[in-house]
J.: 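This is the structure I want to talk about, given as structure tokens.
Each chain gets a letter, A, B and so on, in the order the sequences are listed, and its residues count up from 1.
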Amino acid sequence: MGNPERDGAPAETAASIHEFYTASSWIEGAATEQLRQVANLPGVRQIAAFPDLHPGTFGPIGCAVLSERLYPQLIGNDIGCGMSLFALDLPRSKLRLDRAAQKLRVLESAWSGNAAGYLAEAGLPSDAFSEAIGSIGGGNHFCELQVIEEITDDAASGHDLAPQTLLLFVHSGSRGFGTHVFRSVVERFADGLEQGSTAANRYLDDHDRAVAWASLNRRIIALRAAVALRADIRTVVDSPHNVVERQGDLFLHRKGAAVATTPLVPLAGSRDSLSFLLKPTGCKPEALASLSHGSGRKYDRKSMLGRVGSTRSDRERLLRTSFGGRVICDDRQLLIEEAPDAYKNSAHVCDDLVSHGLATCVASLQPLITFKKATEPEGTESWKRQRKDHGRKWR
DNA sequence: ATGTTC
């Protein structure tokens with residue numbers, strides 16, 4: 001389990017790595033190799049690795065890294081990316097699945113709301129990537145309608161959560177904002193930024209704005225979905241997982257690792273498996289106040305193209321779930337890359353965290369409608385025109 | 001992941 005605690009040890013000594021998974025967990029060798037590489041970066045003191053660990057572009061996803069130096073590449077381009085959970089005041093008996101799925105297609109169009117006003121309210125420049133506010137983006141991002149399947153801890157009642165409560169679960173990030181911040185710093189500072197330096201402070205300021213932008217984005221996405229479903233929402237938890245924070249003279253980086261200082265932390269399954277709501281115990285300092293953010297990828301996107309969805313009938317299968325749920329994803333490649341088979345078993349990930357004493361499971365959440373991407377309109381020709389006009393702005 | 005391939 002890595003090296004013992006040390007203080008002012010020479011740079012050639014690797015940081016300690018605490019792994020919160022078991023021999024039966026699906027952990028790729030490439031991911032643990034990346035962990036070792038991060039442990040050998042100058043100034044890295046301690047690493048917590050979680051059961052959703054998998055290889056990433058700049059380092060492993062599913063870990064927290066405590067370091068003397070600031071490494072923007074450990075956070076990546078999607079600064080502030082996270083999961084937000086909202087409770088809907090809509091009774092499940094009123095929900096018509098196919099009708100609701102059709103209504104959620106509105107999420108694909110540009111948001112016509114007061115982006116500037118919301119941005120200003122969040123302390124952000126009113127023109128900061130305002131065109132993209134309320135948009136989900138690509139990759140693993142989604143907006144999912146869920147229902148609470150089971151309550152497994154009394155903590156749920158304190159949050160007014162009960163079986164059959166409908167939820168909106170939004171996974172999205174800072175879109176072009178975070179990418180812009182990341183590009184402005186990463187090529188020039190491969191060896192990380194020194195604590196207290198102008199570059200570090202500038203990055204942290206920009207980072208904090210991207211985190212606020214991403215959080216607002218998730219809230220607007222949920223508001224749009226709630227309006228489409230003619231319901232009100234309240235926030236249950238806002239849980240970022242690509243963030244860095246100051247801890248004294250050190251930097252605590254989280255990459256695909258949820259901040260575990262909130263009362264509840266959501267753990268995303270796939271669109272055809274349960275998500276979970278966790279209550280962090282906070283009793284293991286070596287976990288660096290972090291938890292898994294989801295089930296984690298099992299197979300990379302490219303290899304998924306050879307695994308599923310080669311026939312039309314198999315792609316049609318991917319638009320329905322074993323829970324009787326619906327998937328809105330008109331993009332064939334995205335449908336395949338994000339197939340449920342691409343992900344680890346979320347229940348196993350949850351069990352690993354619970355058995356390591358990091359969390360208790362409060363609720364299991366069943367997916368009903370997963371919105372990914374719509375290219376087919378929601379039924380009116382005006383939708384097509386709106387898209388066309390939006391695209392023209394960039395010509 | 002990405003105003004992605006404007």
J.: Answer with base, sugar-phosphate or nothing: what part of the nucleic acid does A:G173 contact at a heavy-atom distance below 4.0 Å?
T.: nothing
J.: May I have the distance from A:R183 (atom CZ) to B:dT4 (atom P), rounded to whole angstrom?
T.: 9 Å
J.: Within this structure, what is the CZ-to-P distance between A:R301 and B:dT2, rounded to whole angstrom?
T.: 10 Å
J.: Cation-pi between A:R105 and A:F371: NZ/CZ under 6.0 Å from ring centre and within 45° of the ring axis?
T.: no
J.: Expressed in angstrom and rounded to an integer, what is the separation of A:N77 atom CG from B:dT2 atom C1'?
T.: 6 Å
J.: Mind calculating the distance between NE2 (A:H141) and C1' (B:dT4) to the nearest angstrom?
T.: 14 Å
J.: Kindly confirm or rule out a cation-pi arrangement of A:R297 over A:Y343, judged by NZ or CZ under 6.0 Å from the six-membered ring centre and within 45° of its axis?
T.: yes
J.: What heavy-atom pair brings A:R219 and A:F86 nearest, and what distance separates the two atoms?
T.: CA-CZ, 3.9 Å
J.: In whole Å, I'd like the distance from the CZ atom of A:F182 to the P atom of B:dT4.
T.: 18 Å
J.: Mind checking if A:G137 touches a base, just sugar-phosphate, or nothing, with heavy atoms under 4.0 Å?
T.: sugar-phosphate
J.: Separation of A:D78 atom CG from B:dT4 atom C1', in whole Å?
T.: 14 Å
J.: Let me know the distance between CG of A:N217 and P of B:dT2, rounded to the nearest Å.
T.: 10 Å
J.: What's the NE2-P distance between A:H171 and B:dT2, to the nearest Å?
T.: 9 Å
J.: Could you give me the CA-CA distance, side-chain angles and deciding distance for A:D52 and A:K344, then say whether salt bridge (Lys or Arg N to Asp or Glu O under 4.0 Å) is met?
T.: CA-CA 7 Å; A:D52 51 349; A:K344 304 186 200 188; over 6 Å; no
